[in-house]
Amino acid sequence: MATIELRDLGNTGLKLSCVGFGASPLGNVFGPVSEHEANACVREAFRLGINFFDTSPYYGGTLSEKVLGKALKALGVPRNEYIVSTKCGRYVEGFDFSAERVTKSIDESLERLQLDYVDILQCHDIEFGSLDQIVNETIPALQKLKESGKIRFIGITGLPLGVFTYVLDRVPPSTVDVILSYCHYSINDSTLEDLLPYLKSKSVGVIHASPLAMGLLTEGGPPEWHPASPELKAACQAAAAYCKEKGKNISKLAMQYSLSNKDISSVLVGMNSVRQVEGNVAAATELATVGKDEKTVSEIEDILKSVKNQTWPSGIQQS
Ligand code: NAD
């Protein structure tokens with residue numbers, strides 16, 4: 001069995017599997033998932049070499065953290081064999097990036113996850129908060145959590161790429177260890193690429209989430225709540241139909257597209273069936289052994305040309 005590649009995450013010393021397990025589907029975000037299926041997904045992912053698991057108190061109103069925690073415990077392996085990231089500041093009740101809330105939040109998360117520490121705690125979707133509060137209050141609170149040993153590394157997540165430079169330009173070096181960007185290094189939108197040299201210059205680890213553009217690049221299509229424009233949804237649907245007709249799998253090609261850039265430490269994909277876990281791991285091992293199907297990717301890029309790099313609004317400021 002080919003093993004899945006591990007990549008360094010910035011300066012953290014962590015080695016993340018290049019395919020990461022996005023646990024938002026375990027909070028039933030993409031439709032119902034039984035606890036049995038959730039356990040089976042986590043077990044199979046770990047067996048196949050995935051060591052990185054990402055969740056948030058926001059996913060399924062804390063359900064994802066609880067289900068992931070149980071599934072990880074059931075693996076029965078030493079804690080240092082897997083890497084867990086969760087988030088703070090975004091909850092089903094709304095956003096709160098205050099020092100008081102995020103300090104309480106980690107204790108709640110650790111209890112739900114049944115863990116003594118998380119490897120990474122990330123401020124979740126900072127474009128919905130005051131970026132100056134993130135710099136001056138939230139991150140200093142997370143530094144205290146780091147000192148206490150409840151978290152090992154600090155991260156920030158968001159959709160508009162400008163939020164990362166805003167924060168990283170204002171915090172002391174090595175304060176923010178990792179950024180999680182989503183939906184910006186996929187076949188339809190590759191705008192994260194331009195930011196990679198800057199992130200490297202800051203020694204910040206890079207995680208790219210939602211390689212399937214939250215379901216746009218799947219045969220089944222996106223969930224009802226997907227924020228893309230009708231035009232973008234239609235173009236992706238046409239690309240998926242084209243691949244199907246050619247006997248190709250658009251999700252596999254999309255995974256391989258995201259995995260190809262080694263400046264991205266881990267590609268976090270949401271998975272809610274053992275079949276998807278196996279498919280996404282196979283996409284990585286096939287990329288490492290056979291390479292990319294450049295021809296079909298460029299045909300998909302042609303189909304998506306009119307919507308290339310189209311995104312959607314997110315947050316209270318577009319910096
Ligand atoms: P995604 O692009 O990974 O797509 C997930 C969807 O694709 C789900 O419906 C899943 O069932 C389906 N899927 C997965 N593998 C498939 C395959 N091989 N074939 C067909 N369908 C497949 O989007 P996502 O789940 O939103 O993102 C991944 C993870 O990244 C999340 O679970 C979360 O952990 C993280 N994330 C974080 C943020 C943030 O912090 N702001 C934002 C987005 C995602």
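None of the values given here were measured: they were computed from a predicted structure. Order of listing sets the numbers, starting from 1, for every ligand and every atom in it.
Applying the 4.0 Å criterion to heavy atoms of N272 picks out, from ligand 1, the atoms 11 (O). Each of the atoms 37 (C), 38 (C), 39 (C), 40 (O) of ligand 1 lies under 4.0 Å from some heavy atom of L180. The atoms of ligand 1 that sit less than 4.0 Å from any heavy atom of L268 are 28 (C), 29 (C), 30 (O), 35 (C). Shown in contact with H124 at under 4.0 Å from a heavy atom are these atoms of ligand 1, numbered in order with element: 39 (C), 40 (O), 41 (N). Listed by number with element, the atoms of ligand 1 under 4.0 angstrom from any heavy atom of S210 are 1 (P), 2 (O), 3 (O), 23 (O), 24 (P), 26 (O), 27 (O), 28 (C), 43 (C), 44 (C). In summary, the atoms of ligand 1 found under 4.0 Å from a heavy atom of A23, numbered by their order in the structure, are 32 (O), 34 (O). Residue G22 has at least one heavy-atom neighbour below 4.0 Å for each of these atoms of ligand 1: 29 (C), 31 (C), 32 (O), 34 (O). Heavy-atom proximity to P25, at under 4.0 Å, picks out these atoms of ligand 1: 32 (O).
Nearest protein neighbour of atom 18 (N) of ligand 1, counting heavy atoms only, is N280 OD1, 3.0 Å. Atom 41 (N) of ligand 1 has D125 OD1, 2.5 Å as its closest protein atom, hydrogens excluded (heavy atom only). In terms of protein heavy atoms, atom 30 (O) of ligand 1 is closest to A209 CB, 3.2 Å. The nearest protein atom to atom 10 (C) of ligand 1, hydrogens excluded, is given as G270 O, 3.2 Å; this is a heavy-atom distance. Protein heavy atom at the shortest distance from atom 38 (C) of ligand 1 is Y59 OH, 3.5 Å. Counting only heavy atoms of the protein, atom 9 (O) of ligand 1 lies nearest to F30 CD2, 3.1 Å. Atom 32 (O) of ligand 1 has S24 OG, 2.8 Å as its closest protein atom, hydrogens excluded (heavy atom only).
Note on D302 versus K308: no salt bridge recorded, every NZ/NE/NH1/NH2 to OD/OE distance being 4.0 Å or above. Of the charged side-chain nitrogens involved, none lies within less than 4.0 Å of a carboxylate oxygen, so that R152 and D177 do not count as a salt-bridged pair. Using a 4.0 Å cut-off between charged side-chain N and carboxylate O, K292 and E286 make no salt bridge. In summary, D107 and K150 engage in a salt bridge, as defined by a charged side-chain N under 4.0 Å from a carboxylate O. Classification of E301 and K305 as a salt-bridged pair fails, no side-chain N sitting under 4.0 Å from a carboxylate O. Between E5 and R7 there is a salt bridge, since at least one side-chain N of the basic residue sits less than 4.0 Å from a carboxylate O of the acidic one. With salt bridges taken as basic N to acidic carboxylate O contacts below 4.0 Å, one links E108 and K104. With respect to the salt-bridge test (charged N to carboxylate O, under 4.0 angstrom), the residues K144 and E147 do not qualify.
By the 4.0 Å heavy-atom criterion, F21 is excluded from the residues contacting ligand 1.
Listed by chain and number, the residues in a ring pair (Phe, Tyr, Trp, His ring centres under 6.0 Å) with F53 are F21 (sequence neighbours excluded). The ring pair (Phe, Tyr, Trp, His ring centres under 6.0 Å) test applied to H124 returns Y58, Y59, not counting sequence neighbours.
The closest non-hydrogen atom to atom 20 (C) of ligand 1, taken over G20, A240, S251, comes from S251. Here atom 16 (C) of ligand 1 lies nearest to L212 when heavy atoms of L26, T86, L212, T218 are compared. Closest heavy-atom approach to atom 40 (O) of ligand 1 among the candidates M271, K87, Q276: K87.
Of all the heavy atoms in D54 and L180, the pair that sits closest is OD1-CD1, 4.1 Å.
Under a cut-off of 6.0 angstrom, the local environment of CZ in R79 is crowded, with over 12 non-hydrogen atoms contributed by other residues, nucleotides or ligands.
With a 4.0 Å heavy-atom cut-off, ligand 1 is reached by no atom of P223. Residue contacts with ligand 1, taken as heavy atom pairs separated by less than 4.0 Å, involve V269 via backbone and side-chain atoms alike. For A213, every heavy-atom contact with ligand 1 shorter than 4.0 Å involves the backbone, none the side chain.
For the side chain to side chain contact (heavy atoms under 4.5 Å, CB included) with L16, the lone residue among I264, V178, I83 that qualifies is I83.
Between D54 and ligand 1, at least one pair of N/O atoms sits closer than 3.5 Å. When only interatomic distances are considered, the shortest N/O to N/O separation between M214 and ligand 1 falls below 3.5 Å.
Here F128 and F97 keep their ring centres 6.0 angstrom or further from each other.
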